[in-house]
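Whatever order the structure lists them in is the order used to number ligands and atoms, beginning at 1. Numbers here are sequence positions counted from 1.
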Amino acid sequence: MSNIIILGAQWGDEGKGKIVDLVCDRFDIVARYQGGHNAGHTVLIGEKKFILKLIPSGILHPGKQAVIGNGLVVDPAALLTEIQSLESAGVHVSGRLFISNRAHVLFPFHRTMERMLDAIGTTSRGIGPCYEDKAGRRGLRMADLLDDRNFSAQLKTLAAEKGTVASAFGINEGLDLARMLADYQAFAERMRPMVCDTARLLNDAIRAGKKVMFEGAQGTLLDLDHGTYPFVTSSSASAGGASTGTGVPPTRIDAVVAVAKAYTTRVGGGPFPTEALDDMGDQIRQRGNEFGSVTGRPRRCGWFDLPLVRYSAMLNGFDSLVVTKLDVLDGLEKIPVCVAYRSGRHELTEMPATTAGWAAIEPVYECLPGWQTPTAGTSRYEELPQQARAYLTYLEDRIGVEVGCISTGPERNQTIIRPDSRFQQLFA
Ligand code: GDP
Ligand code: IMO
Ligand code: MG
């Protein structure tokens, strides 16, 4: 087993950054396959805290290579700022980061477009409008940005179109094309040494026996096709995206490991059947420090939703599940888990496909006993209180996938890897 996807099973912020960092040593290359600087992956190494947005978390491990795949949208200003802040924290990015020449370039007018149209509470980074240009076959890619001969004419055409749309919405920001062109030409020169055909790079590396990890951003329920549409992001966050978003064929990807919180959170609008709108929700938010790592928005908090994670398991084909933030549930008397949805007189075990369908359902809960001995920091499964083990076994049985790894705190060593699990075999 060489090439493995690590992705989010819920609505993002599951703790992917921590888990990618934990198992990174076993790989030669870590590749992101979708999204942009809407992602925020937190990694704690000793006293240092890193929040990675566009660059794969693997960059924090000396000697590993990091790839920004063709499936991403890249804001060059955001990327260069991120590189600079890593360099000043002593992480040498130079020579280890490769950007796909097919990745799409995000421009300031994408943010303007988003201000006009956002109805779902996005991160306001311009991600959706940039992907719209990609799907509309008018976007500009890294290779275009580096093409000195044609870039300025192409940018002019795209910017003119955005100007027309903006004026139709009554927005007259007076787009300064000359300035934008100069900025982007300067970005191009700084990025040029890092841009290449990363599909070629990855496939050659795999052929030479190197091991690749695919780092998902967002989460399966934010996937453009399979998530809670239209309250989703604009890329393919689920496992299928790893192949289209890097150019590595599905036949070369060996396993999928998913990360889920021991409860559920989501940022922004959209259905959330198990949302705890009472003070339990506030308690989880405070104890889990559930505030967005990109926008600082309070995350909506609620209970574990089995139908959602089961659906996610089906879509991605989980080989193993990591459950994070178990410690946040310490001390609760009982823990509700959603086992199905009620719609009128019917009980559903699948998620609805429409907004109206979501509005018509209510969660059906089973309550499990909580535990009073803290799990925070525990690194051995046997040391977990019996009720915590029972909680994990309950999830495992109902999802139909092992819980191979449990996270009990944000630090590397606050982790349990279950002996003889598939997780352990995959990352041995
Ligand atoms: P990502 O986007 O999936 O990488 O997750 P984020 O970094 O946005 O959010 C996860 C947050 O939870 C970060 O602040 C992590 O440091 C923190 N975290 C990760 N695992 C644990 C855990 O097991 N317990 C606690 N208390 N915090 C955790
Ligand atoms: P990571 O990788 C949580 C959410 C936004 C919004 C919706 C669409 O850290 O898990 P977008 O700006 O992508 O068009 O917004 O998706 N969202 C995330 N929520 N974690 C993320 O990334 C997210 N990236 C986007 O809040 O609801
Ligand atoms: Mg995050």
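One distance of note links CG of Leu321 with SG of Cys405; it measures 9.5 Å at 0.5 Å rounding. A distance of 10.5 Å separates CE in Met191 from CG in Leu97, rounded to the nearest 0.5 Å. For the atom pair Thr378 OG1 and Gln414 CD, the distance stands at 9.0 Å (nearest 0.5 Å).
Between Ser234 and ligand 2, a contact under 3.5 Å exists for no N or O pair. In terms of N/O distances under 3.5 Å, ligand 1 is not approached by Thr324. Of the N or O atoms in Gly17, one or more lie within a sub-3.5 Å distance of an N or O in ligand 1. When only interatomic distances are considered, the shortest N/O to N/O separation between Ser293 and ligand 2 does not fall below 3.5 Å. Considering backbone and side-chain atoms alike, Thr122 places every N or O at 3.5 Å or more from each N or O of ligand 2.
With hydrogens left out, the protein atom closest to atom 7 (C) of ligand 2 is Val232 O, 4.0 Å, a heavy atom. Annotation: atom 7 (O) of ligand 1 to nearest protein heavy atom, Thr42 OG1, 2.5 Å. Nearest protein heavy-atom neighbour of atom 13 (O) of ligand 2: Thr233 OG1, 2.6 Å.
Contact annotation: Lys261 has no heavy atom less than 4.0 Å from any atom of ligand 1. Using a 4.0 angstrom heavy-atom cutoff, Gly40 counts as in contact with ligand 1. The closest approach between a heavy atom of Gly409 and any atom of ligand 1 is below 4.0 Å. Residue Asn289 places every heavy atom at 4.0 Å or more from ligand 1.
Counting heavy atoms of neighbouring residues, nucleotides and ligands inside a 6.0 Å radius, atom NZ of Lys53 does not exceed 12 of them. The environment of CG in Asp420 is sparse: at most 12 heavy-atom neighbours from other residues, nucleotides or ligands sit within 6.0 Å.
Interface atoms of ligand 2 facing Ala39, defined by a heavy-atom separation under 4.0 Å, are 1 (P), 2 (O), 9 (O), 22 (O). Residue contact check: Thr408 has heavy atoms under 4.0 Å from atoms 23 (O) of ligand 1. Numbered from 1 in the order shown, with element, the atoms of ligand 2 that lie under 4.0 Å from a heavy atom of Arg297 read 5 (C), 26 (O). Each of the following atoms of ligand 2 lies closer than 4.0 Å to a heavy atom of Lys16: 1 (P), 2 (O), 10 (O). Heavy-atom proximity to Gly121, at under 4.0 Å, picks out these atoms of ligand 2: 5 (C), 6 (C), 26 (O), 27 (O). When each atom of ligand 2 is checked for a heavy atom of Val267 under 4.0 Å away, the hits are 5 (C), 6 (C), 26 (O), 27 (O). Interface of Trp11 with ligand 2, defined as ligand atoms under 4.0 Å from a residue heavy atom, comprises 3 (C), 19 (N). The distance from ligand 2 to the heavy atoms of Ala217 drops below 4.0 Å at these ligand atoms: 2 (O). Of all atoms in ligand 2, numbered sequentially from 1 with element shown, those under 4.0 Å from a heavy atom of Gly268 are 27 (O).
Residue-level proximity to ligand 2 for Arg125 is absent, since no heavy atom of it falls below 4.0 angstrom. Contacts between Ser293 and ligand 1 below 4.0 angstrom, taking non-hydrogen atoms only, involve the side chain exclusively. Under 4.0 Å from ligand 1, the heavy atoms of Asp327 that appear belong solely to its side chain. Residue-level proximity to ligand 2 for Val294 is absent, since no heavy atom of it falls below 4.0 angstrom. Of all the heavy atoms of Arg266, none lies under 4.0 Å from any atom of ligand 2, so neither backbone nor side chain is involved. Contact annotation for Phe231 and ligand 2: no heavy atom of the residue comes within less than 4.0 Å of the ligand. With a 4.0 Å heavy-atom cut-off, ligand 2 is reached by the side chain of Leu222 but not by its N, CA, C or O. Neither the backbone nor the side chain of Gln218 has a heavy atom within less than 4.0 Å of ligand 1.
Looking at Glu333 and Gln372, their side chains never bring a donor and an acceptor atom within 3.5 Å of each other. No donor-acceptor contact under 3.5 angstrom links the side chains of Lys162 and Thr112, judged on distance only. Side-chain N/O atoms of Thr274 and Asp305 include no donor and acceptor closer than 3.5 Å.
With Glu215 as the fixed residue, the side chain to side chain donor-acceptor pair (under 3.5 Å) test singles out one of Arg32, Lys16, His41: His41. Arg299 pairs in a side chain to side chain donor-acceptor pair (under 3.5 Å) with only one of the listed residues (Thr264, Asp13, Asn289), which is Asp13.
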Show, in sequence, the C-alpha distance, side-chain angles and deciding distance for Lys325 and Glu290, and conclude whether the salt bridge (charged side-chain N to carboxylate O under 4.0 Å, His left out) test is met.
CA-CA 11 Å; Lys325 302 194 114 168; Glu290 295 294 0; 3.0 Å; yes
Go through it in stages, so that I can follow the logic: the residues are Asp75 and Arg125, the test is salt bridge (charged side-chain N to carboxylate O under 4.0 Å, His left out), and I'd like the CA-CA distance, side-chain angles, deciding distance and then a yes or no. CA-CA 9 Å; Asp75 179 335; Arg125 298 293 186 268; over 6 Å; no
query = Would Asp133 and His104 satisfy side-chain hydrogen bond (donor to acceptor under 3.5 Å, both in side chains), going step by step from the backbone distance to the final call?
reply = CA-CA 9 Å; Asp133 279 348; His104 277 252; over 6 Å; no
Asp330 vs Arg287, test: salt bridge (charged side-chain N to carboxylate O under 4.0 Å, His left out). Steps then yes/no. CA-CA 10 Å; Asp330 285 355; Arg287 298 171 48 156; 5.5 Å; no
Pair Arg285, Asp282 - check salt bridge (charged side-chain N to carboxylate O under 4.0 Å, His left out), show working.
CA-CA 5 Å; Arg285 187 172 308 109; Asp282 290 332; 2.8 Å; yes
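For atom 23 (C) of ligand 2, the nearest non-hydrogen atom from the set Arg32, Gln218, Glu215 belongs to Gln218. When the options Gln414, Glu14, Glu411, Lys325 are ranked by their closest heavy atom to atom 12 (O) of ligand 1, first place goes to Lys325. The closest heavy-atom contact to atom 20 (N) of ligand 1, among the options Ala376, Gly15, Ser407, Gly219, comes from Ser407.
Under the rule for a side chain to side chain donor-acceptor pair (under 3.5 Å), the partners of Thr265 that lie at least two apart in sequence or sit in another chain are Lys261.
Side-chain contact between Cys338 and Leu306 is absent, with no heavy atoms from C-beta onward closer than 4.5 Å.
Here the two rings, on Phe231 and Trp11, have centers that are 6.0 Å apart or farther. Aromatic pair Phe187/Tyr184: centroids less than 6.0 angstrom apart.
In this structure, Asn38 contributes its side chain and Thr233 its backbone to no donor-acceptor pair below 3.5 Å.
Distances shorter than 2.8 Å separate the Mg ion (ligand 3) from the protein N/O/S atoms Asp13 OD1, Gly40 O.
The side-chain tip of Arg398 points at the ring of Tyr394 from less than 6.0 angstrom away and within 45° of straight on.
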